[in-house]
Amino acid sequence: MPDGRRMRAAAAAPRLGAIVRLAVVLSFAATPLHAQDWRDFASSRRRTDEQELRVKVRYGAGRIRLSPAQGSLLYRMQLRYDADHFTPVADYRRGDLEVGIDSGRGNVELKGRSQGSLDLELTREVPLALDLEMGAVRSEIELGGLRLTRLDLKTGASETTLSVSEPNPLDASTISVQVGAADFVMEDIGNLNAERVEIHAGVGDVTVDFGGQWRKDARVSVEMGLGGLELRLPPDLGVEILQDSFLTALDAEDLERRGSRYVTPGFDRAERHVRIEIEAAFGRIRVVRAH
């Protein structure tokens, strides 16, 4: 292996270790599991004069669903939780919203708490900055139609689908995703309207669908540890792929090789262009083009 690639692989090791450890950090694992007292909690608020909404979600284990709210609601939350170990959180102050659960006593083992659930609806009417931190969860995140300015998503050992079924009316400054030991799917990321998307994955399978309405050129970086990466490309998007990988096979369907990069047919004539930079340690990369 060339010295440069060996050095890059060694440099990536601390980041990979940090991502894999994210599953442990977010899982609050420690104390023994005792009897469970399941309860339901609901909270909501109508929009008044808010000009923006900054949202923090902290949720350790169970199922989470996030979607756009209807009408004049600022947010609506429904939570099922184990009252023996957790306290519901729904704190709103001057455009800052924090929701989820709090253990109150530090670390709590989450094994057996998959019955828990969090359903959260967020307004379509004001700009949103989202900070989502989730542990061992099954999550469905629908961002279509939200006025998204920023997204910072962190998950542990999870199964997550992130969809953007409608275009974002605003420019999103930063889209950052960090997943630990996970199966992660992003759909229609062109609708995010972001110039830069960063994905960091530890162990698992990641699928990124580049469908949607691309209104500007963009850069997408993907850093993988161990697992599989699938890129789904629409036929009218000009895509350039740069791969810096160690022991990772690239299956690039119908792509043209130009030196150290791969491009889609008709790249130079495409109206919109996306540059994809991939760093992967071990695994496989598959590129699929829609026809």
Side-chain angles (χ1 to χ4, degrees), residues 18-31 33 36-45 53-69 73-93 96-123 128-143 146 148 150-163 175-186 199-202 204:
I19 294 172
V20 173
R21 289 194 299 272
L22 182 64
V24 178
V25 173
L26 294 178
S27 293
F28 310 104
T31 60
L33 180 64
Q36 295 171 316
D37 177 16
W38 291 101
R39 299 185 186 180
D40 295 315
F41 174 84
S43 177
S44 64
R45 182 184 180 92
L53 183 63
R54 296 169 294 276
V55 182
K56 291 184 179 180
V57 179
R58 302 289 183 266
Y59 193 68
R63 179 191 58 78
I64 181 170
R65 180 182 293 118
L66 188 152
S67 60
L73 279 175
L74 190 67
Y75 79 93
R76 188 203 321 262
M77 164 191 174
Q78 293 182 316
L79 178 69
R80 181 168 174 78
Y81 68 103
D82 177 7
D84 283 337
H85 297 89
F86 298 103
T87 301
V89 176
D91 186 13
Y92 176 80
R93 298 180 184 179
D96 289 296
L97 173 66
E98 182 170 358
V99 300
I101 55 175
D102 182 7
S103 69
R105 297 189 300 275
N107 294 337
V108 175
E109 182 181 339
L110 294 176
K111 181 179 179 181
R113 290 189 165 83
S114 59
Q115 298 178 58
S117 63
L118 170 62
D119 289 275
L120 178 63
E121 300 175 17
L122 296 173
T123 179
L128 288 172
L130 298 181
D131 182 353
L132 311 177
E133 191 168 309
M134 304 177 294
V137 299
R138 302 183 312 280
S139 59
E140 298 176 12
I141 301 170
E142 172 58 82
L143 303 179
L146 296 180
L148 190 67
R150 181 179 62 81
L151 172 65
D152 188 356
L153 169 65
K154 300 181 178 69
T155 75
S158 66
E159 297 178 10
T160 299
T161 298
L162 188 154
S163 304
I175 304 296
S176 175
V177 173
Q178 296 185 42
V179 297
D183 289 330
F184 185 77
V185 178
M186 293 183 74
I199 303 170
H200 305 281

K.L.:
Tell me if a side-chain donor or acceptor on Y59 pairs with a main-chain N or O of S117 at a distance below 3.5 Å.
P.N.:
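Judged by distance alone, yes, a pair lies under 3.5 Å.
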K.L.:
Could you check if a side-chain atom of V99 sits within less than 4.5 angstrom of a side-chain atom of L120, using non-hydrogen atoms only?
P.N.:
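The answer is yes; the side chains approach within 4.5 Å.
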K.L.:
With sequence neighbours excluded, tell me which residues meet salt bridge (charged side-chain N to carboxylate O under 4.0 Å, His left out) with E98.
P.N.:
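If we apply the salt bridge (charged side-chain N to carboxylate O under 4.0 Å, His left out) test to E98, skipping adjacent residues, there are no hits.
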K.L.:
Check whether any side-chain heavy atom of L97 sits under 4.5 Å from a side-chain heavy atom of K56, and report yes or no.
P.N.:
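Of all side-chain heavy-atom pairs linking K56 with L97, none is under 4.5 Å.
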K.L.:
Could you tell me the separation between the CG atom of L153 and the OG atom of S176, rounded to the nearest 0.5 Å?
P.N.:
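Atom-to-atom, L153:CG and S176:OG are 8.5 Å apart.
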K.L.:
Could you check whether any side-chain heavy atom of L128 comes within less than 4.5 Å of a side-chain heavy atom of T123, counting everything from C-beta outward?
P.N.:
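They are in side-chain contact.
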K.L.:
Can you list everything that forms a side-chain hydrogen bond (donor to acceptor under 3.5 Å, both in side chains) with R150? Sequence neighbours excluded, please.
P.N.:
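With neighbours one apart ignored, the set is empty.
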K.L.:
Nearest heavy-atom pair of L122 and L146: which atoms, and what distance?
P.N.:
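Closest approach of L122 to L146: O-CD2, 3.6 Å.
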K.L.:
From L66 CG over to L132 CG, what is the distance, rounded to the nearest 0.5 angstrom?
P.N.:
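Rounded to the nearest 0.5 Å, the CG-CG separation comes out at 6.5 Å.
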K.L.:
Got a sec, which residues hit side-chain contact (heavy atoms from CB on, under 4.5 Å) with R54, two or more places apart in sequence or on another chain?
P.N.:
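With sequence neighbours excluded, R54 shows a side-chain contact (heavy atoms from CB on, under 4.5 Å) to E52, D96, A129, given in chain and number order.
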K.L.:
List for me each residue that meets side-chain contact (heavy atoms from CB on, under 4.5 Å) alongside T160, sequence neighbours excluded, and say none if there are none.
P.N.:
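Partners of T160 under the side-chain contact (heavy atoms from CB on, under 4.5 Å) test: S139, I141, T155, S158, F184.
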K.L.:
For G60 and V137, work out which heavy atoms get closest and say how close.
P.N.:
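Shortest heavy-atom contact: O-CG1, 3.8 Å.
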K.L.:
Using the salt bridge (charged side-chain N to carboxylate O under 4.0 Å, His left out) definition, which of the options D102, D91, D131 pairs with R58?
P.N.:
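Exactly one option meets the salt bridge (charged side-chain N to carboxylate O under 4.0 Å, His left out) with R58, and it is D131.
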K.L.:
Mind listing the closest non-hydrogen atom pair of Y81 and F41 along with its distance?
P.N.:
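Nearest pair, atom of Y81 first, then F41: CE2-CB, 3.8 Å.
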K.L.:
Apply side-chain contact (heavy atoms from CB on, under 4.5 Å) to residues L118 and Q78 and explain how you reach the verdict.
P.N.:
CA-CA 6 Å; L118 170 62; Q78 293 182 316; over 6 Å; no
K.L.:
Pick one: which of L143, D152, V57 meets side chain to side chain contact (heavy atoms under 4.5 Å, CB included) with L130?
P.N.:
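The single option meeting the side chain to side chain contact (heavy atoms under 4.5 Å, CB included) with L130 is L143.
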K.L.:
Going by side-chain hydrogen bond (donor to acceptor under 3.5 Å, both in side chains), name the residues that satisfy it together with D119, two or more places apart in sequence or in a different chain.
P.N.:
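Scan of D119 (side-chain hydrogen bond (donor to acceptor under 3.5 Å, both in side chains), adjacent residues dropped) gives R63, R65.
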K.L.:
Holding to side-chain hydrogen bond (donor to acceptor under 3.5 Å, both in side chains), I want the full list of residues that pass it with R39, two or more places apart in sequence or in another chain.
P.N.:
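Expected list: D37.
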K.L.:
Name all residues meeting the side-chain contact (heavy atoms from CB on, under 4.5 Å) criterion together with V185; count only those two or more places apart in sequence or in a different chain, and write none if there are none.
P.N.:
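Applying side-chain contact (heavy atoms from CB on, under 4.5 Å) to V185 gives T161, E187, T207.
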K.L.:
Which residues pass the side-chain hydrogen bond (donor to acceptor under 3.5 Å, both in side chains) test with S67, sequence neighbours left out?
P.N.:
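Residues passing side-chain hydrogen bond (donor to acceptor under 3.5 Å, both in side chains) with S67: none at all.
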K.L.:
How long is the straight-line distance from OH of Y75 back to CG of L53, given to the nearest 0.5 Å?
P.N.:
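Going from CG on L53 over to OH on Y75, the span is 9.5 Å.
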K.L.:
Tell me every residue that passes salt bridge (charged side-chain N to carboxylate O under 4.0 Å, His left out) with E121, counting only those two or more places apart in sequence or in another chain.
P.N.:
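With neighbours one apart ignored, the set is R76.
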K.L.:
Determine, step by step, whether I64 and M134 satisfy the side-chain contact (heavy atoms from CB on, under 4.5 Å) criterion, reporting the C-alpha distance in whole Å, the side-chain angles of both residues, the deciding distance to 0.1 Å, and the verdict.
P.N.:
CA-CA 9 Å; I64 181 170; M134 304 177 294; 3.6 Å; yes
